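What follows is a single structure, written as structure tokens, with notes after it.
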Number of protein chains: 2
Amino acid sequence: MSSRSRILRLSRYKNAALRLKSLNFLKVFSDNLADATGVTASQVRKDFSLFGISGNRRGGYQIDELLTQLNKVLGKDKLQKFIVVGVGNMGRGMINYPGFIKSEIKIVAGFDIDPSKYNRKADAPVFPMDELTAFVKTNEVEFGIIAVPDFAAQEVFERLIQAGIKGVLNFAPIRLKSDNTDIVVHNLNLETEIENLIYFVNTKVNPAE
Amino acid sequence: MSSRSRILRLSRYKNAALRLKSLNFLKVFSDNLADATGVTASQVRKDFSLFGISGNRRGGYQIDELLTQLNKVLGKDKLQKFIVVGVGNMGRGMINYPGFIKSEIKIVAGFDIDPSKYNRKADAPVFPMDELTAFVKTNEVEFGIIAVPDFAAQEVFERLIQAGIKGVLNFAPIRLKSDNTDIVVHNLNLETEIENLIYFVNTKVNPAE
DNA sequence: CAAAATTTGTGAATAAAATCACGTTTTCAA
DNA sequence: TTGAAAACGTGATTTTATTCACAAATTTTG
């Protein structure tokens with residue numbers, strides 16, 4: 001099993017490789033990816049090595065081949081469907097996030113309790129909460145994003161589990177509880193991220209990003 | 001110097017302690033905080049120990065005292081002013097983020113190039129970009145949030161540096177470059193976070209959250 | 001074609017982080 | 001007031017992550 005931070009690095013390598021590809025690079029060296037992502041070349045090679053991603057000695061990595069392999073590891077070789085629960089600013093931000101357009105990530109619908117948010121005609125339509133389970137099952141959605149206030153998050157989480165969701169990205173600042181060990185939960189707490197930044201500014205030390 | 005993940009944990013302990021306080025708890029044990037945040041009790045104590053935060057053997061930690069000490073470490077003993085550059089959904093989400101209301105984090109203004117976003121009267125007003133430097137200096141703002149498209153991020157970053165910003169939270173999916181070593185940059189890439197989730201669902205392993 | 005230059009791939013070494021384990025202190029109850 | 005139970009604090013240990021360093025492979029050059 002590989003650690004969370006190793007996988008995060010693979011994503012960054014992939015993004016860097018994509019940018020280099022758009023500059024018409026055909027091949028890339030561990031050193032290039034290291035510069036672009038702020039790690040050591042050695043780390044890049046070690047990360048690749050652990051996933052069986054290999055290049056050519058002296059010749060670096062063919063970008064297209066590298067991207068294929070990285071996308072495979074990251075599960076981006078096939079479309080991954082997401083729903084967003086809670087269509088406030090944050091939820092709306094996820095629905096409209098431009099970075100997903102040319103990726104295999106698709107936000108297929110939003111859900112909310114507020115009728116003024118409903119919109120069945122939009123590209124990513126917004127439905128009432130009680131249609132969630134049926135929608136998830138019909139459309140075989142595997143992932144959910146929780147962007148509701150903290151007091152509602154646990155309840156939404158339980159609904160997502162019941163609907164058969166496999167992975168959850170949680171923006172609410174609480175630790176979601178479940179005895180279902182099949183579901184994967186990752187938390188993203190904006191206040192925590194900001195506090196982290198404040199700390200490192202106050203101590204005037206910039207840690208590895 | 002302490003690592004990024006250790007500071008992130010301190011934030012989580014603080015959030016957990018706040019919730020317990022709201023339940024009228026007066027004291028809390030390392031074991032409680034461990035449960036609430038998903039780490040071991042030993043880790044909680046070690047983290048505290050490294051910051052000189054101490055409790056009472058057998059008696060746990062006094063919540064009020066603990067919060068005071070955590071807030072001090074995290075720089076939340078005084079108001080921290082932020083501006084947001086790019087008032088799209090994500091930027092708007094940060095401006096309206098409810099978690100900041102009762103914290104010492106204040107988003108004091110937004111900036112955008114789109115005149116339709118301008119609003120000088122709002123609680124967190126939105127101004128044109130060319131007022132940024134003057135605003136930052138007049139109001140002694142230390143922190144900036146970059147929520148613009150990737151192609152604009154580097155330019156915005158340079159403006160923030162020039163204006164004297166000390167810390168930047170960057171949502172754009174690029175690595176910001178600068179030879180100024182005083183500025184602290186933390187990156188938050190939503191696509192990367194989602195790819196990470198996809199990976200762990202696909203490999204059916206839930207790593208430490 | 002041979003030699004020189006360069007870059008990968010990976011075990012070994014080092015560093016960093018987490019956990020263990022137990023002495024010390026405090027609390028509580030009889 | 002004393003003894004037992006509970007919980008902290010932290011040095012020692014273990015685990016995990018990163019970096020080093022160099023042989024092997026490939027490319028380039030003369």
Side-chain angles (χ1 to χ4, degrees), chain A residues 1-13 16-17 20 25-67 69-70 73 196 199-200 203 205-209, chain B residues 1-13 16-17 20 25-63 65-66 69-70 73 196 199-200 203 205-209:
Chain A
M1 182 215 144
S2 222
S3 75
R4 178 168 156 75
S5 52
R6 174 156 280 127
I7 306 302
L8 289 170
R9 283 199 302 270
L10 289 187
S11 287
R12 291 197 211 105
Y13 302 152
L20 293 170
F25 280 44
L26 293 178
K27 62 186 180 184
V28 64
F29 302 119
S30 58
D31 193 55
N32 300 142
L33 295 173
D35 283 349
T37 58
V39 303
T40 64
S42 194
Q43 175 109 75
V44 174
R45 296 201 301 276
K46 176 70 82 179
D47 286 339
F48 285 176
S49 161
L50 292 172
F51 286 95
I53 294 173
S54 60
N56 309 309
R57 290 176 199 234
R58 172 75 196 249
Y61 303 84
Q62 294 298 120
I63 288 197
D64 284 331
E65 201 183 315
L66 178 62
L67 283 171
Q69 295 189 84
L70 285 173
V73 170
N196 202 258
Y199 173 85
F200 284 103
T203 58
V205 178
N206 194 346
E209 285 154 37
Chain B
M1 182 216 143
S2 221
S3 74
R4 178 168 155 75
S5 51
R6 174 157 280 127
I7 306 303
L8 289 171
R9 283 199 302 271
L10 290 187
S11 286
R12 292 197 211 105
Y13 303 151
L20 293 170
F25 279 44
L26 292 178
K27 60 186 181 183
V28 64
F29 302 118
S30 58
D31 193 55
N32 300 143
L33 295 173
D35 283 349
T37 58
V39 303
T40 63
S42 195
Q43 175 108 73
V44 174
R45 296 201 302 275
K46 176 72 82 177
D47 287 338
F48 285 176
S49 162
L50 292 172
F51 285 95
I53 294 173
S54 59
N56 309 311
R57 292 178 200 233
R58 174 71 198 254
Y61 304 85
Q62 294 296 121
I63 288 196
E65 200 183 314
L66 178 62
Q69 294 189 85
L70 286 173
V73 170
N196 202 257
Y199 173 84
F200 284 104
T203 57
V205 179
N206 195 347
E209 282 155 37

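Not measured: the values here are computed from a predicted model. Quick note on labels: first sequence line is chain A, next is B, and so on, each numbered from 1.
For Ser11(A), the side chain to side chain contact (heavy atoms under 4.5 Å, CB included) partners are Leu74(A), Thr192(B), Glu195(B), not counting sequence neighbours. Listed by chain and residue number, Lys21(A) satisfy the side-chain hydrogen bond (donor to acceptor under 3.5 Å, both in side chains) test with Asp64(A) (two or more places apart in sequence, or in another chain). Scored by the side chain to side chain contact (heavy atoms under 4.5 Å, CB included) test, Ala36(B) finds Ala16(B) as partners (sequence neighbours excluded).
Backbone-only contact: Ser54(A) has heavy atoms under 4.0 Å from sugar-phosphate atoms and none from a base.
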Checking side-chain contact (heavy atoms from CB on, under 4.5 Å) for the pair Ile63(B)/Leu26(B): CA distance, chi angles, key distance, verdict? CA-CA 6 Å; Ile63(B) 288 196; Leu26(B) 292 178; over 6 Å; no
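In this structure, Tyr61(A) does not reach the dT26(D) phosphate: none of its side-chain N or O atoms is under 4.0 Å from OP1 or OP2. Using a 4.0 Å cut-off, some side-chain N or O of Gln43(A) falls inside it from OP1 or OP2 of dT19(D).
In terms of heavy atoms, Ser30(B) sits closest to Val44(B) at O-CG2, 3.8 Å. Ser2(A) and Ile7(A) make their closest contact through CB-CD1, 4.2 Å (heavy atoms, listed as atom of the first residue, atom of the second, distance).
Asn32(A) places a side-chain N or O within 3.5 Å of a backbone atom of Phe29(A) that can act as its donor or acceptor partner.
Summary of the strand contacts: Gly59(A) and Leu50(A) both lie near DNA chain D, and taking for each the nucleotide with the nearest heavy atom, the more 5' one is attributed to Leu50(A). Heavy-atom nearest nucleotides on DNA chain C were determined for Thr40(B) and for Asn56(A), and the one closer to the 5' end corresponds to Asn56(A).
For DNA chain C, no neighbouring residue in residues 25-34 of chain B is found when judged by any heavy atom under 4.0 Å.
The closest side-chain heavy-atom distance from Thr203(A) to Phe200(A) is below 4.5 Å.
Within 3.5 Å, no donor on the side chain of Arg6(B) pairs with an acceptor on the base of dA17(C), nor the reverse.
Look at CZ on Arg9(A): it is 8 Å from C1' on dA17(D), rounded to the nearest Å. In this structure, CD1 of Ile53(A) is placed 12 Å from P of dT10(C), rounded to the nearest angstrom. When rounded to the nearest whole Å, the span between CD1 of Ile7(A) and P of dT16(D) equals 16 Å. Summarising the geometry, the separation between CZ on Arg58(A) and P on dT27(D) is reported as 9 Å, rounded to the nearest angstrom. In this entry the distance linking CG of Asp47(B) with P of dG9(D) reads 13 Å, nearest Å. One can place CZ of Phe51(B) at 14 Å from C1' of dA17(C), the figure rounded to the nearest angstrom.
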Going by atom type alone, with no hydrogens or angles, which donor-acceptor pairs under 3.5 Å involve a side-chain atom of residues 47-57 of chain B and a protein atom two or more places apart or on another chain?
unit_1   : atom_1 : unit_2   : atom_2 : d
Asp47(B) : OD1    : Arg6(B)  : NE     : 2.6
Asp47(B) : OD1    : Arg6(B)  : NH2    : 3.3
Asp47(B) : OD1    : Arg9(B)  : NH2    : 2.9
Asp47(B) : OD2    : Arg9(B)  : NE     : 2.7
Asp47(B) : OD2    : Arg9(B)  : NH2    : 3.4
Asp47(B) : OD2    : Tyr13(B) : OH     : 2.6

Expected rows: protein N/O vs nucleotides 10-13 of chain D N/O, under 3.5 Å:
unit_1  : atom_1 : unit_2   : atom_2 : d
dT10(D) : OP2    : Ser49(B) : OG     : 3.2
dG11(D) : O6     : Lys46(B) : NZ     : 3.3

